[in-house]
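Comments concern the structure below.
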Amino acid sequence: MSTHSTLPVGRGLLYVAFAATAWGTAGAAASLLYRHSGIGPIALSFWRYVGGLALLLPVHAHRRRTRPSATRRRRPARDILITGVGLTVFQGAYFAGVQATGLAVGTVVTMGASPVLVALGGRVLTGERLGRAGTVCVLGALTGLMVLVLGGEGGGRGAVRPEGVALALLSAAAYACITLYSRRRGQDAAGGDPLETTLWSFGIGAVCLLPIALWQGVWRDVHDVGRTLELLGYLTTVPTALAYALFFAGLTVVRASTVSVVSLIEPVAAAAIAVALLGERLTLPMALGMAILVGAVTTLAVAETRIAVGARRAAASA
């Protein structure tokens, strides 16, 4: 683990788990939003970035006034571009993949391939080792996710189209790149301020998505303006500005492979909200998938904490 960050590993895990849970609520909010407007997925992503940018800019400006310049770390332009473009490709390719091959297949491929790609990339780029227990936990998480998604009504009936699968794999690869690159920069003590990372990522994402959003219609067929603004306000605040800021902060102290699995809390949160608030039925396979997934996430989180404690003890005795 990195010794450059003052953030405790346990708190970093909590930040990542909160971000994943918040992202799970974004799907329900988006479903409600689609009922009140004709805003499409790309336009919705654009508004999330713009709203998050508007919320974080005043916070960033205040921190620049109150924080001495000597203690601020400037993030290289290369880091900003890689993170921002990666985040844009991640969301855009995922939505396009879902549109091409369906929600179940697009989600399973994206969320299932992400931790595998992160684990492989972490082994090659940062020397991270999952070990036998970690490998079992990743496989358990993927199994739980598969059962959860395919166990829902109509989850296994979507046609698998190669172009959709390719787009979903592109989304997974972009997510893996963001996770690995942010983690590597955190290890090098040059990752910069997580708030600034999030701010610039939103700005780059908004610029990249603007042409497509304009073509799709950024404010199309809005029937209930008040309700639409409320839902957009929530989306830009909790699952966007707050969640991404905490996520990037957690990446600086939590191993990339662990982050990728903890992030799988997102579909569990989405399923729970769908049952509790949207009236959707929880089938036995869905419940089983949630149990497997939560168990795998919990096991890996405990293993991560033990590794961090062992590293601190070894450093203290050295």
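Each residue takes its place number in the sequence, starting with 1.
Using modelled atom types, one side-chain atom of Thr236 and one backbone atom of Gly233 make a donor-acceptor pair closer than 3.5 Å. The backbone N or O of Gly84 lies less than 3.5 Å from no partner atom in the side chain of Trp200, so there is not a single donor-acceptor pair.
When all heavy atoms are compared, the tightest approach of Ala243 to Ala19 is O-CB, 3.3 Å. For the residue pair Ala174 and Gly86, the shortest heavy atom distance occurs at CB-O, 3.5 Å. Between Thr88 and Gly205, the shortest heavy-atom distance links the atoms OG1-CA, 3.0 Å. Taking both residues in full, the closest heavy atoms of Gly52 and Ala241 are given as CA-CB, 4.2 Å, listed atom of the first, atom of the second, then distance. Nearest heavy-atom pair, Val218 versus Ala43, reported as atom, atom and distance to 0.1 Å: CA-CB, 4.1 Å.
Hydrophobic clustering (ILVMFWY, side-chain heavy atoms < 4.5 Å, transitive): Val207 and Ile82 are in distinct clusters. Under the 4.5 Å side-chain heavy-atom criterion for grouping Ile, Leu, Val, Met, Phe, Trp and Tyr, Leu55 is not connected to Leu53 through any hydrophobic cluster. The same ILVMFWY cluster, assembled from side-chain heavy atoms under 4.5 Å apart, contains both Phe202 and Leu242.
The shortest distance between side-chain heavy atoms of Trp47 and Leu235 does not fall below 4.5 Å. The shortest side-chain heavy-atom distance between Leu210 and Phe46 falls under the 4.5 Å cut-off. Side-chain contact between Val16 and Leu246 is absent, with no heavy atoms from C-beta onward closer than 4.5 Å. No side-chain heavy atom of Ser201 sits under 4.5 Å from any side-chain heavy atom of Tyr49.
The aromatic rings of Tyr175 and Phe90 are tilted relative to each other, their planes meeting at an angle between 30° and 60°.
The local environment of CH2 in Trp215 is sparse, with at most 12 non-hydrogen atoms from other residues, nucleotides or ligands closer than 6.0 Å.
The line from CG of Leu139 to CD1 of Ile292 is 12.0 Å long, rounded to the nearest 0.5 Å. Distance CD1/Ile42 to CG/Leu214: 12.5 Å, rounded to 0.5 Å. Rounded to the nearest 0.5 angstrom, Leu232 CG and Tyr234 OH are separated by 13.0 Å. The distance from atom CD1 of Ile178 to atom CZ of Phe247, rounded to the nearest 0.5 Å, is 7.5 Å. Atom CG of Leu87 sits about 9.0 Å away from atom CG of Leu209, to the nearest 0.5 Å.
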